[in-house]
Asker: 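Pasting in a structure now, in structure tokens, and then I'll have a few things to ask.
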Number of protein chains: 2
Amino acid sequence: MSSPGSTPRRMRADARRNHDRLLAEARTVFEEQGAQASLELVARRAGVAIGTLYAHFPTRRALLGALLRERQDDVFALGDTLLTDQDPGAALASWMRAVTAHAAVYSGLADQLLGSLDDTSSELYGACKRMGAAGEALLGRAKAAGAVRQDVTADDVFALISAAAWLRDQLPPDRADRQLGLMIDGIAATAPARD
Amino acid sequence: MSSPGSTPRRMRADARRNHDRLLAEARTVFEEQGAQASLELVARRAGVAIGTLYAHFPTRRALLGALLRERQDDVFALGDTLLTDQDPGAALASWMRAVTAHAAVYSGLADQLLGSLDDTSSELYGACKRMGAAGEALLGRAKAAGAVRQDVTADDVFALISAAAWLRDQLPPDRADRQLGLMIDGIAATAPARD
DNA sequence: AGGCGAAAGCGAGGGGCCCTCGGGTTTGTC
DNA sequence: GACAAACCCGAGGGCCCCTCGCTTTCGCCT
């Protein structure tokens, strides 16, 4: 799974070791303190000089991007599965919930994601675009099935997901889920009238 | 309008002068750079030492709170007006739009607002609570009129407003407004079926 | 007018964090 | 082994937060 094959480029042994340590420590530090945690702390914990961290990941976003890449595969897999779901409306809703959860692994991540949208070269940019594309397919199906309003765009879905992810690290998680539910109802063709 | 009467405590002339200068510069700096702008810059622009800034406003939130207090009056006034509006559903929607705009004057403000919720002593906390109370009344009317789902709470409204405010400084403003519209539709008793 | 105590202002300084860069090490290869 | 390339190191410049002891200014009172 984590075989050296991801990049064709072969790294020197020490480089690869530091690279992996950095990723591992970054993951735990970001989990503990959120996506704006001190990079110097990450380097320290990884037993590596700060310059080495920057040599491997020139920017915080690059580091986050590397961290997210693995998890993303799961989300895309789910997306494919959902594309064949019998209920296109429910499928889109599930997708939105999954992506929201994914975009909220580290608190403060949503800001970084949205912030990377105008930075086309950013590591995170590509990820966001792919997400958008996957979501678009699900949205199309949901609209065709009449489950979702015709005037809703993929950008809307993306924005709502981001907002929900942001809420998730401001509020207790159950409340945040509830808000996402309300947003999902907002794009539905018919209100679920659950009052 | 800015007569000295706000606090019963009389300030020394130089104190009041610096206080006002700080507020004025803070306003423009936050407008230019967002709510996380450097406080040292604010002090510098106000022609005041950094210690003086902290003497007046012990925390960034205190400064933001002071800045927002004036604007808040407008929002509360609007709230009162809307309470007598003939269409309770539309009134709630207008109020949500107004509060969202208010909570997005400075980019990054939404984070500060939500962050101050557990800090009961914070300057911003009181403001948020008052907002919540005002919103609750409008929500009650909207529910009674059958314009809004019965299961929606004031906390929901508050959360959606916050999320919309956050979106507002991540996205072009018109897009953010659109998202808020979707959220508003989400809490409506019946989907507006505008597809 | 002048003096005095309290209120207010000042800004150096300790602590952090970000990021760069020149010089010292390690690795892998021949 | 030895050499060049790849890699690592960490001091240092820049910016920021916030505190605290010392100095200045204000405003009242004689």
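Every chain is numbered from 1, with letters handed out A, B, ... down the list of sequences.
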Asker: Taking atom P of dT25(D) as reference, at what distance in whole Å does atom NE2 of His19(B) sit?
Answerer: 22 Å
Asker: Round to the nearest Å and state the distance from Met11(B) atom CE to dA8(C) atom P.
Answerer: 6 Å
Asker: To the nearest Å, give me how far apart CZ (Arg10(A)) and P (dT27(C)) are.
Answerer: 14 Å
Asker: If you look only at distance, which donor and acceptor atoms sit under 3.5 Å apart when one is on a side chain in residues 76-96 of chain A and the other is two or more places apart or in another chain?
Answerer:
| unit_1 | atom_1 | unit_2 | atom_2 | d |
| --- | --- | --- | --- | --- |
| Thr81(A) | OG1 | Ala77(A) | O | 3.1 |
| Thr84(A) | OG1 | Thr81(A) | O | 2.9 |
| Asp85(A) | OD1 | Asp87(A) | N | 2.8 |
| Asp87(A) | OD1 | Gly89(A) | N | 3.0 |
| Asp87(A) | OD1 | Ala90(A) | N | 3.1 |
| Ser94(A) | OG | Ala90(A) | O | 3.0 |

Asker: Starting from P on dC28(D), measure out to CG on Asp14(B) and report it in whole angstrom.
Answerer: 13 Å
Asker: Distance alone, cut at 3.5 Å: any donor-acceptor contact between the side chains of Ser116(A) and Asp119(A)?
Answerer: no
Asker: With a 3.5 Å distance limit and no angle check, can you tell me whether Asp156(A) reaches the backbone of Thr153(A) through a side-chain donor-acceptor pair?
Answerer: yes
Asker: Between Asn18(A) and dC7(D), is there a contact of a side-chain N or O with OP1 or OP2 at under 4.0 Å?
Answerer: no
Asker: Could you give me the CA-CA distance, side-chain angles and deciding distance for Glu70(B) and Arg27(B), then say whether salt bridge (charged side-chain N to carboxylate O under 4.0 Å, His left out) is met?
Answerer: CA-CA 12 Å; Glu70(B) 318 160 3; Arg27(B) 181 167 14 248; 3.2 Å; yes
Asker: Between Arg21(A) (CZ) and dC7(D) (C1'), how many Å, whole number?
Answerer: 14 Å
Asker: In a check of side-chain contact (heavy atoms from CB on, under 4.5 Å) between Ser107(A) and each of Gln36(A), Glu32(A), Gln33(A), which one passes?
Answerer: Gln36(A)
Asker: Please name the pair of heavy atoms, one in Ala110(A) and one in Trp166(A), separated by the smallest distance, quoted to 0.1 Å.
Answerer: CB-N, 4.0 Å
Asker: Under the 3.5 angstrom rule, does the side chain of Glu25(A) hit a backbone N or O of Ala43(A) as a donor-acceptor pair?
Answerer: no
Asker: Going by heavy atoms closer than 4.0 Å, what residues in residues 34-53 of chain B are next to DNA chain C?
Answerer: Val48(B), Ala49(B), Ile50(B), Gly51(B), Thr52(B)
Asker: Let me know the distance between CZ of Arg61(B) and C1' of dC17(D), rounded to the nearest Å.
Answerer: 15 Å
Asker: Apply salt bridge (charged side-chain N to carboxylate O under 4.0 Å, His left out) to the pair Arg178(B) and Asp155(A), showing each step before the final yes or no.
Answerer: CA-CA 11 Å; Arg178(B) 190 176 147 73; Asp155(A) 281 348; over 6 Å; no
Asker: Name the closest nucleotide to the Ala15(A) side chain, picking from dC8(D), dT25(D), dT27(C).
Answerer: dC8(D)
Asker: Does a distance-only test, which skips hydrogens and angles, find a donor-acceptor pair under 3.5 Å between the side chain of Arg12(A) and the base of dA6(D)?
Answerer: yes
Asker: Do any N or O atoms from the side chain of Arg175(A) and from the backbone of Ala159(B) form a donor-acceptor pair under 3.5 angstrom?
Answerer: no
Asker: As a test of reading the structure: which of dC19(C), dT27(C), dC26(D) is closest to the side chain of Tyr54(A), going by heavy atoms?
Answerer: dC19(C)
Asker: Compute the bend angle of the helix from dA1(C)-dT30(D) to dC30(C)-dG1(D) from the end axes (five pairs per end), rounded to 10°.
Answerer: 10°
Asker: Using a heavy-atom cut-off of under 4.0 Å over every strand shown, decide if Ala55(A) touches base, sugar-phosphate, or nothing.
Answerer: nothing
Asker: Check the distance between dC18(D)'s P and Leu63(B)'s CG and give it to me in whole angstrom.
Answerer: 12 Å
Asker: Looking at dC8(D), I'd like to know if its phosphate oxygens (OP1 or OP2) sit under 4.0 Å from a side-chain N or O belonging to His56(A).
Answerer: yes
